[in-house]
There are 2 protein chains.
Amino acid sequence: MPHIAVDAMGGDSGPSVVVLAIRDLVKGHPDVVFHVVGDSGILQAGLARARLQGSSQIVVHHASQVVAMDEAPSQALRGKRDSSMHVAIGLLRDGHVDAVVSAGNTGALMALGKVFLRTIPGIDRPAIAAFLPTTTGRLLALDLGANVDCHPEHLLQFAVMGSILVERVMGLAQPRVGLLNIGSEDIKGNEQVKEAALLLRAAKLNFIGNVEGSDIYRGVADVVVCDGFVGNVALKTSEGLAWMISQELRASYTHGWYGRMAYLVNRPILQRLRRRLDSRQYNGATLLGLNGIVIKSHGNADRFAFACAVEVAIAEAKHRLTLRIAEVIQKSLDPAVRNSA
Amino acid sequence: MPHIAVDAMGGDSGPSVVVLAIRDLVKGHPDVVFHVVGDSGILQAGLARARLQGSSQIVVHHASQVVAMDEAPSQALRGKRDSSMHVAIGLLRDGHVDAVVSAGNTGALMALGKVFLRTIPGIDRPAIAAFLPTTTGRLLALDLGANVDCHPEHLLQFAVMGSILVERVMGLAQPRVGLLNIGSEDIKGNEQVKEAALLLRAAKLNFIGNVEGSDIYRGVADVVVCDGFVGNVALKTSEGLAWMISQELRASYTHGWYGRMAYLVNRPILQRLRRRLDSRQYNGATLLGLNGIVIKSHGNADRFAFACAVEVAIAEAKHRLTLRIAEVIQKSLDPAVRNSA
């Protein structure tokens, strides 16, 4: 019976989005208990409006402060010990819940996670991992921005964790792991990537070698690993391009009567396309490597997107992802196993 | 009167594309002489078919060898001294032409350029620079893959060269220069980028600060500077996403009679969109920093795309880009000027 802590005060919309998302989730997940964290007055009122008060699947935890979106992580750590984010992480640390979901300040969430949960033993740096759409389904990409100047060893750790996540949560045996590079040949790439490739090849992974930026969306891999700087640029560039294409498409349709008519005719097609590529369904990045399941939602998530992020938390909690990663890492560090391999 | 050397043997299609591209260009550029380099037998026949033999604007230079698309640059340098690429670069080195255009092997072209042209004094590493579409027009991005593990000083050089290119060739006074980063705050980024920002701020540039991947396409800058690894990943990722979106769009339209009808109605809109975002019009990357104008076309360029690459060469030649960059660099290195600044 998974218990999920939900920071209700984060993101642009705060409690209103969170309460509606939970309402959408309670029916489909009768075995889940949602621990909603934030201003209890606001929350009780919101839950009542949503006809959820008295629900056996909802527990309200009061938190008197909120971490601001632009607040420095150090400030969130020391200055706001009763923020909804802090309380939610505390519930996870103390074992009252199996996962935390927050749409708040990413830096603060990661800082709180590192201090109060620490990392899974054997993992140096948690990565931000999220699913991206491909023409064949989806793939997991990490690190999308938590760490810059990664060492090759970190990339190996990302690969191991990512592989386990995809294997457990998506049920894919031996996920194909690719290393983001600027060409397929081993000779290509910077020093960090060239050394990482050696480590990945030697590890117990289904390592398919280098993957170029253009291959990401072709679905040639199930997991793509990269430095946080590169991953963040790739992600943001994709978002910017998708935005530009939709702007151009929109502009094309407003030209006179033909454009408007064509738009009406085309609308079901565009809606299908929008659904297929809708970023909201991919909302919910895992802070992978923390010793507890922590999911970050986009700040501008609507109820559907936020619910998707909570679904990620539920799935990872059901599959006991953190435990599983810890087991695998422990085994690989065990000298007896290493010597026999 | 610009003289442009065109390597006719590079790329997927070789001479056929090149000859047609030149035919499209001769009328619009009566003051340009095209030095077509390759197998003279094949070229003369092609030119005759295109009714260009005898044209005062065309000179054929024979080259008996061709650099293969997958050939190692070192092999191209030492093993094929009579390749069309080698001969074309030789014409530039010896001052017979003002620029070279090739659709061949990028690594070989860069290697030949570095050995026979060297770099502009004061420039350590030439970068691959190309224009990308934005919602407000276009911007120049570099480095798109020539150099990995750049030093901050290299990024500064890229910024200076890119700024001059945009200023001269696009006629934009004080081009806005942005540094590709993972956030707008100075505190963000890896060591390389943080140090580069200091150098850019101190230089005589219209430096607007950090630019995120998502901002590239919003046209917030006229020049975006980055390490070659990051730039190549960003570019390839964009290409892959654009491809995926067009695949999804295409798939949406083939569903039954409605899809086909909607496609017909929508075709002018899609064509307008395709023209607006057509990558062919952006074909022609400058190997910026070589002591001579060298333009690299995509290997798969058709006649229109190849002509666009030649147009880039013509524009840069007319504006004496290499000389201008050399002047600016020289001035900045001159102690008298530096001390008075």
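Residue numbers begin at 1 in each chain, while the letters A, B, ... track the order of the sequences. Note that the coordinates shown come from a computational prediction; the quantities given were computed from them, not determined experimentally.
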Subject >> chain B neighbours within residues 211-222 of chain A, where any heavy atom lies under 4.5 Å away >> reply: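 Answer by number: A/E212, A/G213, A/S214, A/I216, A/Y217, A/R218.
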Original post:
Looking at side-chain heavy atoms only, is the closest gap between A/N266 and B/Y263 below 4.5 Å?
Top reply: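 Not in contact.
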Original post:
What residue in B/N190, B/T135, B/D227 has the most heavy-atom pairs under 4.5 Å with chain A?
Top reply: B/N190
Original post:
If you count heavy-atom pairs under 4.5 Å between each of B/G145, B/P133, B/C226, B/A242 and chain A, which one has the most?
Top reply: B/P133
Original post:
Between A/V233 and B/V233, does a side-chain contact (heavy atoms from CB on, under 4.5 Å) hold up when you go through it step by step?
Top reply: CA-CA 8 Å; A/V233 167; B/V233 167; over 6 Å; no
Subject >> Proximal component of B/L144, with respect to chain A [non-hydrogen, under 4.5 Å] >> reply: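 Neither part, no heavy atoms under 4.5 Å.
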**OP:** Check whether B/Y258 gets within reach of chain A through its side chain, its backbone, both or neither, counting any heavy atom under 4.5 Å.
**Re:** side chain
Original post:
For chain B, which of A/L235, A/L180, A/V148 has the most heavy-atom pairs under 4.5 Å?
Top reply: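 With the most close heavy-atom pairs to chain B, the winner is A/V148.
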**OP:** Against chain B, work out which of A/V230, A/L241, A/V265 has the most heavy-atom pairs shorter than 4.5 Å and name it.
**Re:** A/L241
**OP:** Please say whether more than 12 non-hydrogen atoms of neighbouring residues, nucleotides or ligands are located less than 6.0 Å from NE2 in A/H298.
**Re:**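 Not more than 12 within 6.0 Å, no.
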Original post:
Which atom names give the shortest non-hydrogen contact between A/S238 and B/T237, and what distance separates them?
Top reply: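 Heavy-atom minimum between the residues: OG-CG2, 3.2 Å.
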**OP:** Report the C-alpha separation of A/D149 and B/E191 in whole Å, then their side-chain angles, then the decisive distance to 0.1 Å, and conclude whether the side-chain contact (heavy atoms from CB on, under 4.5 Å) test is met.
**Re:** CA-CA 8 Å; A/D149 291 323; B/E191 283 315 303; 3.7 Å; yes
